[in-house]
Amino acid sequence: MSDLLTTVRASCREALVAVKDVSHRAPGSPTTQALLVGALVGFLAYKATQKRYRLPPGPFALPLLGNVLSMAGAKEAFYVKLRRWAKEKYGPVITVYLGPVLCVFLNDTDVATEALVKKGEDFAGRPFLHSMDVFSEGSKSIVFADYSPAWKLQRKIAMQALRHYMSGKYLEKVVHQVMDMVCDEMAAEPGAFDPHLYNSSLMFNIIATICFGEVKAYGDLELNGIREMFDKFNSEFGNGVFEDVFPPLRYWPTKRYTRIMGYLQGILDYLYKNIDQHRASFSPDNIRDLTDSILLAQSEAAREESAEVMAMLTDQHVGQTIADMFGAGVDSSRLTLDWALLYMAGHPDIQKRAQEEIDSVTGSRMPETGDRHKLPFTQAVLFETLRLGVVLPTAVPHKTLCDTTVGGYDVPKDTMVFVNQWAILHDPKKWDQPEEFRPKRFLDDQGNLKKIDCWTPFSAGRRACLGETVAKPELLLILACLLKRFTISLPEGAVYDPEYNVETGITIHAPKPYKVVVHKR
Ligand code: HEM
């Protein structure tokens, strides 16, 4: 490894000398120079790495851009292209260069399980991404922190708080309150409408109430502002930002990057305003919500733990834990609801069967969290939605913590590793007719829910979704309440088109905008 570092360092020196020379003779804009430095350093590091390791196969990488041009294109998302490459050319483990950065994509269940479960610790890191490091105030969030004692402690505390405040009767009360408001607004729609806005309002309000304790009115201006910033972030971030893969660009950022960081700063300002208000009125004898619960954990640790532990639980760690609830919890859940409503509108027979099941269990009352195990078919509808509409198609990137292997190939330490969840959950070898919406695949002959090992929308291993155990009951309750109140259909004459929106890049798998009509039941 030290040989490799020496080679890379020498290559970097050569690259810098070369760039100085180029810029001396043909001075360009700082951005051009930054790109040249990044490209040359990356190319030489690429050559050095290739010699040393038996890397997984992959497409030819251009010196300047790696494979980023393959990510562009209006027809096919990159994760779909990768599955095609895996089948036609390279097999399930593929090397791709995002600019100069070496990345490995895992495109089937077997190699993903080998990496995430069997060699869990080798693959448990998170890569350094400049944009996310700025947003997470130095990688102090659970999602973006590297594998470390600080991350473990933060994850443990957040899990305890989530179990308390995002489950059982508390969750049910919040969901019922928010759903009543949002469903009334939906019912007042005179005709067909895009449900995304309602699903977004619903999820932002639920998470904000769980975190900050107060249900906001429908159309609350502050929450709407935050929702808009999330939407703008999603529509601009797409396949990521150049600043993450070409370090010199960070000193001369692009306008898009500056806009994206502006949205993220707006979100942080909102969160810190609420957290500061909680701190000012905090009392350990009156824990009001999830934020208070995390503040309590922090104050208890301050009494009992060493300075070393407290350095892992600063005010910024607390703020970033709340940011995780919004960042990781809201988008995934609201997009899952977007897919669910589309599938329901496109499959009236399946919707009717779920409604019959819900009615038979709940009678004249609204569904409750305790009904969960009596609703296997409705749960199967949710599981199939999470499979087919896999909202985080490449999950969150991992990083190798040591030199390791997967699928018989070498993966050097510090490699960025993506798990192609979309390919795994659409794999024809594991799923019969994977493009079909068929909840029955999750039921056994007696109609009971069955466990399917390759169903991994929440990923697996050490970095698996922290929110899985709360997201499933929460989304089931929301879906059951929606189907109890409404029958959802496509507008007259509309054609069912469950296609994904290719413009959202590799980070998000969302349906193309569509409209529905709701009929009160
Ligand atoms: C439809 C709902 C959801 C889906 C499909 C989903 C999926 C995922 C996936 C695929 C990951 C990446 C795992 C990996 O790196 O291998 C993740 C991470 C994470 N999720 Fe979720 N998630 C959902 C809801 C939630 C909710 C409601 C919360 C919390 C309120 C949450 C909190 C987190 C956190 C904190 C992480 C980072 C875990 C870590 O790095 O240790 N998620 N989620």
Side-chain angles (χ1 to χ4, degrees), residues 79 106 112-113 115-117 120 123-127 129 132 136 139-148 150-167 171 174-175 199 202-204 206-211 290-291 293-294 317 320-340 382-399 416-422 424-425 455-479 506-510:
Y79 43 85
L106 307 177
T113 308
L116 299 183
V117 182
F123 287 84
R126 288 279 188 234
L129 292 171
M132 294 303 119
S136 59
S139 300
K140 293 194 179 71
S141 75
I142 301 170
V143 179
F144 297 110
D146 208 351
Y147 190 65
S148 63
W151 163 81
K152 276 188 194 162
L153 177 67
Q154 206 176 347
R155 195 175 151 114
K156 193 173 121 198
I157 287 171
M159 193 71 230
Q160 281 163 358
L162 272 182
R163 279 214 190 97
H164 201 67
Y165 283 96
M166 224 174 141
S167 61
L171 175 73
V174 174
V175 169
N199 292 337
L202 188 67
M203 287 318 308
F204 272 100
I206 290 174
I207 297 280
T209 308
I210 281 165
C211 289
L290 195 126
T291 301
S293 169
I294 294 170
H317 286 95
Q320 287 295 329
T321 305
I322 303 295
D324 280 328
M325 303 301 122
F326 279 81
V330 173
D331 256 347
S332 45
S333 305
R334 66 180 174 151
L335 291 172
T336 301
L337 286 179
D338 286 352
W339 282 112
L382 175 65
F383 286 15
E384 179 68 339
T385 302
L386 287 159
R387 181 195 70 80
L388 189 57
V390 49
V391 291
L392 300 177
T394 49
V396 182
H398 287 236
K399 183 189 75 179
M416 197 177 331
V417 178
F418 288 88
V419 178
N420 188 345
Q421 288 287 355
W422 185 89
I424 289 171
L425 293 166
W455 181 75
T456 52
F458 297 93
S459 192
R462 285 161 208 246
R463 300 304 296 235
C465 175
L466 175 83
E468 172 171 0
T469 52
V470 294
K472 285 192 290 193
E474 179 201 24
L475 287 168
L476 182 75
L477 183 61
I478 294 172
L479 185 63
I506 64 167
T507 38
I508 276 178
H509 181 248

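These numbers were taken from a predicted model, which means no experiment stands behind them. Every number for a ligand or one of its atoms is a count from 1 in the order of the listing. Numbers for residues simply follow the sequence, beginning at 1.
Contact between L337 and L202 at its shortest, heavy atoms only, is CD1-CD2, 3.8 Å.
By heavy-atom distance, the residue among R155, K152, R462 lying nearest atom 39 (C) of ligand 1 is R155.
Not a single heavy atom of Q421 sits under 4.0 Å from any atom of ligand 1. Using a 4.0 Å heavy-atom cutoff, L475 is listed among the residues neighbouring ligand 1. Look at F144 and you'll find every heavy atom at least 4.0 Å from all atoms of ligand 1.
Of the protein's non-hydrogen atoms, M325 SD, 3.6 Å is the one closest to atom 30 (C) of ligand 1. Looking at atom 40 (O) of ligand 1, its nearest protein heavy atom turns out to be R126 NH2, 2.8 Å. Counting protein heavy atoms only, atom 13 (C) of ligand 1 is closest to R463 O, 3.1 Å. The protein non-hydrogen atom at the shortest distance from atom 37 (C) of ligand 1 is V143 CG2, 3.6 Å.
Considering only heavy atoms from C-beta on, D331 stays 4.5 Å or farther from V391 through its side chain. Contact check for I322 versus L290: side-chain heavy atoms found under the 4.5 Å cut-off. By the 4.5 Å heavy-atom criterion applied to side chains, W455 and L425 are counted as neighbours. For the pair L116/H398, a side-chain contact is recorded, criterion being any heavy-atom separation below 4.5 Å from C-beta on. At least one side-chain heavy atom of M416 sits under 4.5 Å from a side-chain heavy atom of L129.
Under a 3.5 Å cut-off, the side chain of S136 and the backbone N or O of F144 do not form any donor-acceptor pair. Side-chain atoms of Q160 never come within 3.5 Å of backbone atoms of S293 as a donor-acceptor pair (strictly under, hydrogens ignored). Counting only distance, with no hydrogens or angles, the side chain of Q320 and the backbone of S139 share no donor-acceptor pair below 3.5 Å. In this structure, the side chain of D146 engages the main chain of R126 through a donor-acceptor pair within 3.5 Å. Put simply, the side chain of Q421 never gets that close to the backbone of V390: no donor and acceptor are under 3.5 Å apart.
For ligand 1, the atoms closer than 4.0 angstrom to any heavy atom of I142 are 39 (C), 40 (O), 41 (O). Heavy-atom contacts of T336 reach the following atoms of ligand 1: 1 (C) (cutoff under 4.0 Å). Close approach to L386 involves these atoms of ligand 1, each under 4.0 Å from a residue heavy atom: 1 (C). Close approach to V396 involves these atoms of ligand 1, each under 4.0 Å from a residue heavy atom: 12 (C), 15 (O). Interface of S459 with ligand 1, defined as ligand atoms under 4.0 Å from a residue heavy atom, comprises 13 (C), 14 (C), 16 (O). Ligand-side atoms of ligand 1 in range of P457: 5 (C), 7 (C), 10 (C), range being under 4.0 angstrom from any heavy atom.
Closer than 2.8 Å to atom 21 (Fe) of ligand 1 sit the protein N, O or S atoms C465 SG.
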Would you list the atom pairs, donor with acceptor, under 3.5 Å between side chains in residues 460-473 and any protein atom, with sequence neighbours excluded?
residue : atom : partner : partner atom : Å
R462    : NH1  : E121    : OE1          : 3.1
R462    : NH1  : Y147    : OH           : 2.9
R463    : NH1  : A124    : O            : 3.1
R463    : NH1  : A145    : O            : 3.1
R463    : NH2  : I142    : O            : 2.9
R463    : NH2  : A145    : O            : 2.8
E468    : OE2  : K472    : NZ           : 2.9

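The shortest N or O to N or O distance between H398 and ligand 1 is under 3.5 Å. At a 3.5 angstrom cut-off on N or O pairs, E474 does not count as close to ligand 1.
Aromatic ring pairs are classed by plane angle as parallel below 30°, tilted from 30° to 60° and perpendicular above 60°; the pair H509 and Y79 is perpendicular. Note on ring orientation: taking the six-membered ring where Trp is involved, the planes of F326 and F204 are tilted (angle from 30° to 60°).
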